[in-house]
J.: 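I'd like to ask you about the structure that follows.
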Amino acid sequence: MTHNLGLLASWQRVLKRELLLAYRQRNDILTPLIFFIIVISLFPLGVGPEPEILRTIAPGVIWVAALLATLLSLARLFNNELHDGTLEQLLLTPQPASVLVFAKIVSHWLTTGLPLVLISPLLALSLDMSSTALIYTMLTLLLGTPILSLIGAIGAALTLGLRGGGVLLALLILPLYIPVLIFSTGAIIAASNGFSAEGHLSLIGAYLIITLIFAPWVTSYALRVSLD
Amino acid sequence: MIFQKYAAPKYFYPLAGKCLPWFGTLAILTICAGLYLGLFVAPPDYQQGETVRIMFIHVPAAWMSMFIYAMMAGAAAIGLVWKIKLTDTFITASAAIGASFTLLALLTGSLWGKPMWGAWWVWDARLTSELILLFLYLGFMSLHSAIDDPRRASRAGAILLLIGVINLPVIHYSVEWWNTLHQPTSVARIDGPRIHSSILTPLLIMAVAFKLFYVSVVLIRMRSSILDNEADSRWLQEQGA
Amino acid sequence: MNWAEFFNMGGHAFNVWGSYILAFVILGLNIWLPLRKYRAQQRKIRQQHETAS
Amino acid sequence: MLQANALAAERGGQRLFSDVSFSLKDGDLLHLSGSNGSGKTTLLRMLCGLTLPVNGDISWQQKNIESNRDAFNADLLYIGHRHGMHSDLNALENLQLSTQQLSNSTMVFSALEEVGLSHHLNKPLRLLSQGQQRRVALARLLLESRKLWILDEPLAALDVDAVEWFSQRLAKHLENGGMAIVTTHQEASFISHVSINVVLGS
């Protein structure tokens with residue numbers, strides 16, 4: 001007797017709701033972005049303004065800042081909804097929870113990962129990166145930040161509602177980000193030295209596909225465990 | 001099936017009690033044998049000289065750190081699928097000793113690296129992966145202790161262990177690849193080119209000794225955590241511990 | 001068996017003996033702490049038995 | 001038909017309740033009562049499939065809820081202490097975006113009118129009072145036609161006429177073959193319809 005929404009329709013509904021919520025809490029989008037900019041602009045102050053040094057450390061600096069900015073924004077992915085009970089309702093929908101969790105992860109990427117990609121050229125220029133390095137920085141960020149959101153969502157679900165959850169989340173998730181960091185910075189360095197970065201990008205792409213397939217399901221399972 | 005029977009604390013506790021003295025004495029014997037062979041009998045290496053003796057601690061400790069993590073992940077998988085509470089007792093009992101072996105491997109690795117490479121810490125692929133493994137151990141231990149509810153702690157810990165064990169080869173491969181990229185000079189592999197039998201035997205004995213030591217520690221810790229959790233249950237009073 | 005030579009470890013005494021002492025300390029703690037707690041529990045249970053019987 | 005047998009729960013290692021069994025047929029209303037901390041909320045969450053029972057099992061239409069979770073969720077409406085609404089969205093957005101039903105704005109308007117909230121539609125929920133937020137949550141009862149209602153303290157913070165409205169709404173739900181499990185500490189007229197009483201922590 002209940003005619004429920006189709007899977008796609010309710011997926012879109014969750015995504016729409018998440019984007020509306022993100023819009024309502026706009027500064028939650030800005031803070032990771034501003035953090036990303038501040039952390040990167042600290043490095044020239046610490047390391048010195050010589051362009052050669054900045055150029056060599058630029059890929060690593062941008063990518064580590066991207067990791068930390070994503071971590072910063074992950075804490076709010078589920079915690080707000082834990083307190084007003086909507087997370088429980090998410091697990092009680094007739095549709096598979098992993099698909100709806102995937103909608104939340106996509107909205108997290110749109111509000112955190114994508115802005116990092118769009119702002120990164122500016123920061124690449126500030127670190128005096130060459131044009132190819134700049135393009136490959138954007139490319140690796142575009143491919144890499146979804147992985148950060150996907151794996152980060154698992155950590156956020158595991159540390160749901162725990163005291164000191166933010167720091168714990170960093171300890172759990174940063175080791176899992178290492179392959180993305182290594183291959184992304186490797187791709188930028190290879191490209192700027194004239195070598196082909198195909199190998200690196202395909203490895204990141206493969207890692208992205210694997211996390212796309214497994215992370216939503218593991219996150220919804222972890223949510224079920226945390227809300228038990 | 002037999003496995004199911006000993007998964008209950010009631011049967012596991014006495015069994016562990018019986019095996020404990022055996023593992024304990026065997027561990028002590030093999031450690032003494034390993035030390036004797038390693039320190040007195042094994043000749044110094046023609047290249048590294050006496051520092052090769054550090055290998056008898058470093059390499060078995062590194063093996064143990066990975067072996068214990070794999071055991072914990074295996075127990076986590078069993079615990080999640082068959083919902084056996086005892087696997088969590090085993091995992092929590094193994095976490096500290098696993099992290100200690102990783103720490104020992106790192107410290108002895110650095111002590112061994114100083115004479116060979118002239119630096120206390122070298123971003124060698126193996127040492128770096130060992131460091132990341134230590135982070136995985138610390139991550140598990142802090143997550144497990146941060147959660148009060150025992151059931152959620154064991155299931156969340158199990159999920160993290162499974163994700164960790166799947167990611168470990170990926171991390172190792174990427175660190176290995178990253179290492180060759182940034183250090184073209186071929187660094188002497190940490191466990192030496194070809195191992196002469198006089199070096200190999202103490203190495204293997206020490207590896208066995210560490211395993212027996214690990215089992216005894218785990219058995220003791222499991223028995224005492226069973227005592228904590230099941231303090232009020234009748235079977236404990238009847239058996240008189 | 002020249003003991004002085006043995007302890008000197010070809011000039012790398014610190015590294016070699018350092019490793020073995022570290023092993024003794026770290027692994028020692030891993031067996032001593034649980035054992036101490038285990039014995040305390042045993043004593044507590046044995047006392048409960050005396051008072052109970 | 002909801003069937004629960006020998007349910008048991010633990011919190012932080014302590015046993016909350018054990019071997020709770022009952023079966024709920026069409027038109028039945030179960031009133032769950034017990035002192036604070038006796039595990040009422042835990043039992044309700046267990047019946048929704050949110051909490052795993054330590055032992056015992058729950059089946060809906062003769063099938064274990066853990067094996068066919070989606071079908072069970074399609075018939076279940078759970079409103080807990082936390083009413084499950086986004087406090088940053090207004091009532092309209094909350095009901096339109098979260099209900100599973102193909103509900104358009106007119107249906108949502110009429111539902112909000114029926115719960116007496118027609119004039120608070122564009123304020124984020126966090127600005128409304130507890131009672132008003134509870135009314136928005138209860139509006140879902142009108143929008144989502146579900147067979148099994150599991151309501152944790154639905155009358156909390158409600159005023160007298162809201163309680164009256166709820167009792168009639170519940171009676172109508174039971175007449176057309178619905179089922180409900182309710183916990184409440186307040187006296188309300190629907191108590192007369194109760195067909196099963198379960199008391200915890202006795």
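Hydrogens, waters and symmetry mates are skipped; everything else that's a heavy atom, side chains included, is used. Residue numbers start from 1 in every chain, and the chains themselves are labelled A, B, ... in the order their sequence lines are given, proteins ahead of strands.
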J.: Which residues pass the side-chain hydrogen bond (donor to acceptor under 3.5 Å, both in side chains) test with Thr145(A), not counting sequence neighbours?
T.: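 Expected list: Trp109(A).
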
J.: What pair of heavy atoms forms the shortest contact from Ile159(B) to Val218(A), and how long is it?
T.: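 In this case the closest contact between Ile159(B) and Val218(A) is CG2-CG1, 4.1 Å.
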
J.: Mind checking the OG-CG spacing from Ser142(B) to Leu172(A)? Nearest 0.5 Å is all I need.
T.: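 CG of Leu172(A) is found 6.0 Å from OG of Ser142(B).
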
J.: Taking every heavy-atom pair that is under 4.5 Å apart, which of Ile132(B), Asp149(B), Leu143(B), Ile147(B) has the most such pairs with chain A?
T.: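 Looking at each of Ile132(B), Asp149(B), Leu143(B), Ile147(B) in turn, Leu143(B) comes out on top.
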
J.: Is Leu203(A) in contact with chain B via its backbone, its side chain, both, or neither, using a 4.5 Å heavy-atom distance?
T.: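 It is the side chain, since no backbone atom gets that close.
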
J.: Is the closest side-chain donor-acceptor distance between Tyr207(A) and Asn167(B) under 3.5 Å?
T.: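 Tyr207(A) vs Asn167(B): donor-acceptor pair found between side chains.
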
J.: Highest number of heavy-atom pairs under 4.5 Å with chain A: which of Leu138(B), Asp148(B), Leu160(B), Leu133(B)?
T.: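 Top option by heavy-atom pairs under 4.5 Å: Leu160(B).
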
J.: Taking the six-membered ring for Trp, are the ring centroids of Phe183(A) and Trp178(B) within less than 6.0 Å of each other?
T.: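 Not close enough - the centres of the two rings lie 6.0 Å or further apart.
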
J.: Given heavy-atom pairs under 4.5 angstrom as the criterion, report whether the side chain, backbone, both or neither of Leu162(A) touches chain B.
T.: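 Looking at Leu162(A), just its side chain touches chain B.
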
J.: A side-chain contact here means heavy atoms from C-beta on lying under 4.5 Å apart; do Arg155(B) and Asp228(A) qualify?
T.: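 Yes, close enough: below the 4.5 Å cut-off.
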
J.: I'd like to check Leu80(B) versus Tyr221(A) (side-chain heavy atoms, cut-off strictly below 4.5 Å). Are they in contact?
T.: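 Touching, per the 4.5 Å side-chain cut-off.
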
J.: Identify which part of Leu168(A) has an atom lying under 4.5 Å from any heavy atom of chain B, answering side chain, backbone, both or neither.
T.: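 Contact with chain B involves the side chain of Leu168(A) alone.
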
J.: What's the separation between atom CD1 in Ile171(B) and atom CG in Leu176(A), rounded to the nearest 0.5 Å?
T.: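 Output value for this atom pair is 5.5 Å.
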
J.: Looking at chain B, which one of Ile154(A), Leu171(A), Leu158(A) has the largest number of heavy-atom pairs inside 4.5 Å, strictly under?
T.: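 The answer is Leu158(A).
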
J.: For a quick test of reading the model, state the closest non-hydrogen atom pair linking Arg152(B) to Leu160(A) and the distance between them.
T.: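 The answer is NH2-O, 2.8 Å.
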
J.: Heavy atoms only, distances under 4.5 angstrom: which of Gly186(A), Pro175(A), Gly161(A) has the most pairs with chain B? Name it, please.
T.: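 Top count of heavy-atom pairs under 4.5 Å with chain B: Pro175(A).
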
J.: Should we say atom CZ of Phe35(A) is surrounded by more than 12 heavy atoms from elsewhere, each under 6.0 Å from it?
T.: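 For Phe35(A), atom CZ is crowded (more than 12 foreign heavy atoms under 6.0 Å).
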
